[in-house]
Amino acid sequence: MLTPSATVVRDVSAPVPFEDSAPRTSKPRVVAAGMPAIISTAKHGIRKMGAIRSISNLSKVNKFDGFDCPGCAWPDPDGHRTFAEFCENGAKAVADEATKRKAGPDFWKKWSVSELSRKSDFWLNEQGRITHPLVLNQNSEHYEEISWDDAFEMIADNLAVLSDPDQAIFYTSGRTSNEAAFLWQLLARTLGTNNLPDCSNMCHESSGHALTQSIGIGKGTVTLDDFIHSDLILIVGQNPGTNHPRMLTALRDAKKNGSSVVSINPLEEAGMGRFKHPQNPLEVLGSGTKIADEHVNLRINGDMALFRGFAKTIISQDACDIEFIEDHTDGFDDYSELVQNTEWGDVESLSGVAREVIERIGNKIAQSKSMIVCWAMGLTQHKNAVQTIQEIANVSLLGGHIGRSGAGLCPVRGHSNVQGDRTVGINHHPSATFLDALDDRFGIEAPRIPGCDAVEAVRRMSSGQSNVFMSMGGNFLSAMSDTRATASALQNCELTVQISTKPNRSHLITGKSALILPCLGRTERDSTGIGDQFVTVENSMGVVHMSVGNARPASDMLMSEPAIVASIGSKLNQSGIHMDIPWLELVNDYDNIRREIESVIPGFDSYNERSRNRGGFYLPNSPRDSRKFDTPTGKANFISNPMSSITADAGKFVMMSIRSHDQYNTTIYGLDDRYRGVKGGRRVVFVNELDMEENGWQELQTVNVSSHYDGKVITSERWYLVPYNIPPGNVATYFPESNELIPLESVADMSNTPTSKSVLVSISTAN
Ligand SMILES: Nc1nc2c(c(=O)[nH]1)N[C@H]1C(S)=C(S)[C@@H](COP(=O)(O)OP(=O)(O)OC[C@H]3O[C@@H](n4cnc5c(=O)[nH]c(N)nc54)[C@H](O)[C@@H]3O)O[C@H]1N2
Ligand SMILES: Nc1nc2c(c(=O)[nH]1)N[C@H]1C(S)=C(S)[C@@H](COP(=O)(O)OP(=O)(O)OC[C@H]3O[C@@H](n4cnc5c(=O)[nH]c(N)nc54)[C@H](O)[C@@H]3O)O[C@H]1N2
Ligand SMILES: [Mo]
């Protein structure tokens, strides 16, 4: 369990420590939200924020004059807002940030980093908000208070001595505002590096990569309004009941308007069963709305074959939109030939779905006039993720489901501003056009060599090529695959810097020296010399809008993210790295930052004015708006990839790592997963009953799990078996605990995303 530390004194544990007790299990739920959601919302709110603060905060979530919910990137209705446009898990995210508990300097004096590393992630998060800038000096075991000025000086000193700017890495988590993200990438590029990995590398990178090749834009092509006009919605590899609960409202409304919903998932998730809107008393008391008309229970990673089967059905019925295909696409003939030459037997065996089911759904797709396909991590985190998403694009192109009302492709983003961060330049391989515009505006010479993504960042730190790791939010240690490899990479650094709100494992597994810079959260008032400021974010459907915090900051010592970046930039100016950027002036009035964004990035015309409009504004999206495709041929591309799926040898299983109902990525709110009937523990392995029987395993038996990749074996001890309705040969665990098992080398083709949903494992009973 213990990872050797970089210095003699620290003896820290990188993988999540074991919990003491076994979980308790009960029957999984089939109804999402309803009364249990209301009770859970109230409990979290009142326990963490107190009654008054809780009402005041929750009534400001996603209102026109309030803050953007930090929970997920699902959009809000354009023209109206209900009393409180929030959900149970959004409320948990708000309560978690607005907690009254504080992890002040005394807390860090009391606990050494080694001791803290043996606490669970749940415990760490429960300690509350970080209140002061903190330093962990080389050979020290404790974080101590440091002045902001000394902290910035320490960073500037470390950056100024680098012989090559690529020795520095600037990571971003997708909660960061457009304003902070734009300054962050500007700081990296003026220094001279494109080393800007972000959480997107582990998330929707595969979607961006696939869609750019297929339709010329790395984003989805629907608006929220399209849902109500669709006649068919496919939800593939996504668990909206837990991770995008507000999406259930859109699905309910679409259903009421006659649409049909099909869920495609190895698990029958609760949100896809029945939904009771927690803010509608009649629904809470009644039986709710049935969401999915049909559930396709496929094998993990069976999606590409499934969609190939759909294509077979559509093509065999001559149900293609020939006019659209002729006018707007390229590559149809090759694709059609490939589809027709694909054997049904291969489709069935790779997907794990019977031909008759595939044909039944395929018929629905063939008849649909307006189909939306939604997806999330169930598709993006496999070896063939890019190819799978391109197959979905192919099937959508067959029916002309792009740039038509009620139809389109809908990658559902995770972090609330992950899409915006990419738009404003958080990208390790930026386009030449973007860099040229940056150079022109700021008189710099931004580097043209691509930087590292998340996986490559670990490699560079391990080999010593990079040795300063700076993190704008997030929890890189726990979010990344191969926890041990990531830990030793971070420990190989001279300096690691975390701009954070709450304690997490990345504060404990550090470089020789480390800094924690505590920042304001979304809910909090951000005032500068000239008055209160707001920031802007872009949701999953390309709407840019303002977010204004109004709560009193958790501590007087906090700085805003933009101010922290600007202060680092300004210190670098002083320390001889000449950057002619008026950093401090930019952050005195955030309108100044938005003016810079407007001048560099297309689509942001009259940014300051339009972000003040109720509900913000849509960024241009030519496939959606005008069926124009920014590809080399000017057309959307049918891309013909060979069909594939992961297969396990005898004695091995395919493991997916998923989220419970009580976590936000690596932040653990509680140890329960109400919908899946697991309470009081997270080290569970969900296994099919038949596999349990065949191996003679008992419910809640303790096991060790080992992953296997190209001769590399990683073992993680003490997991509890839970029989579950999951396809035979497939198992599921929760992340971040199971990140320990995901080999760094196991990545998606082209997008380099860790294969968090495709890990080959064996299970052995523990002694
Ligand atoms: N409350 C809460 N909200 C969140 C988050 C959170 O942690 N908590 N995280 C945010 C972030 S960053 C993101 S990216 C999103 C994530 O949102 P999701 O993508 O919904 O998150 P996961 O739990 O990873 O769920 C993946 C789903 O895909 C299914 N799946 C796994 N493998 C396959 C496969 O091969 N094929 C198919 N068809 N299905 C598969 C799983 O059974 C599961 O239902 O949520 C965002 N919102
Ligand atoms: N095995 C496995 N691994 C995965 C995934 C998976 O499905 N399976 N999912 C992947 C996905 S989709 C994602 S997006 C990544 C997530 O990766 P990250 O974005 O790096 O991780 P989070 O857990 O969201 O980050 C939580 C931390 O952010 C800080 N924070 C919270 N709010 C703020 C804020 O307003 N400002 C600042 N500066 N800091 C803040 C807090 O200190 C908190 O501890 O994980 C990935 N890892
Ligand atoms: Mo994500």
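Note that ligands are numbered from 1 as they come in the structure, with each ligand's atoms numbered from 1 the same way. Scope of the values below: all heavy atoms of this structure, side chains included, with no hydrogens, waters or symmetry mates.
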Which is it for Glu561 and ligand 2 at heavy atoms under 4.0 Å: side chain, backbone, both or neither? side chain

Could you tell me whether Glu97 and Arg522 have a side-chain N and a carboxylate O separated by less than 4.0 Å? no

Quick one: which ligand 2 atoms are inside 4.0 Å of a heavy atom on Ile742? 1 (N)

Does Thr647 have any side-chain contact (heavy atoms from CB on, under 4.5 Å) partners at least two apart in sequence or in another chain, and if so, which? Arg299

Below 3.5 Å, N or O to N or O, backbone or side chain included: is there any such pair between Tyr171 and ligand 2? yes

At less than 4.0 angstrom from any non-hydrogen atom of Ser500, what atoms of ligand 2 do you find? 39 (N), 42 (O)

Those protein residues which place at least one heavy atom below 4.0 Å from ligand 1: Gly71, Cys72, Asn89, Cys203, Val236, Gly237, Gln238, Asn239, Thr242, Asn243, His244, Ile264, Asn265, Pro266, Leu267, Glu269, Leu298, Ile300, Asn301, Asp303, Ala376, Met377, Gly378, His382, Gly414, His415, Met656, Ile658, Arg659, Gln663, Tyr664, Asn665, Lys757

Just so I know, are the side chains of Gln498 and Leu517 near enough to count as touching, which here means a heavy-atom distance under 4.5 Å? no

Run the numbers for me: atoms of ligand 2, each under 4.0 Å from some heavy atom of Ile499, listed by number. 37 (C), 38 (N), 39 (N)

What atoms of ligand 2 come within less than 4.0 Å of a heavy atom belonging to Gly473? 37 (C), 38 (N), 39 (N)

Hey, would you say the Phe476 and Phe469 ring centroids sit under 6.0 Å apart? yes

So the atoms of ligand 2 within less than 4.0 Å of a heavy atom of Cys519 turn out to be 36 (N), 37 (C), 38 (N)

For the backbone of Ser660 and the side chain of Gln663, can you confirm whether one donor and one acceptor N or O come within less than 3.5 Å of each other? yes

Among residues at least two apart in sequence or on other chains, which ones pass side-chain contact (heavy atoms from CB on, under 4.5 Å) with Ala485? Asp482

Would you say Met480 and Pro754 make side-chain contact, with heavy atoms under 4.5 Å? yes

Show me which atoms of ligand 2 lie under 4.0 Å from any heavy atom of Asn504. 27 (C), 42 (O), 43 (C), 44 (O)

N or O pair under 3.5 Å between Leu520 and ligand 2: no

Can you find a heavy atom in the side chain of Ile516 that is under 4.5 Å from one in the side chain of Tyr143? yes

For His415, all residues meeting ring pair (Phe, Tyr, Trp, His ring centres under 6.0 Å), sequence neighbours excluded: Tyr664

Sole residue of Thr667, Asn125, Thr99, Asn475 in side-chain hydrogen bond (donor to acceptor under 3.5 Å, both in side chains) with Lys502: Asn125

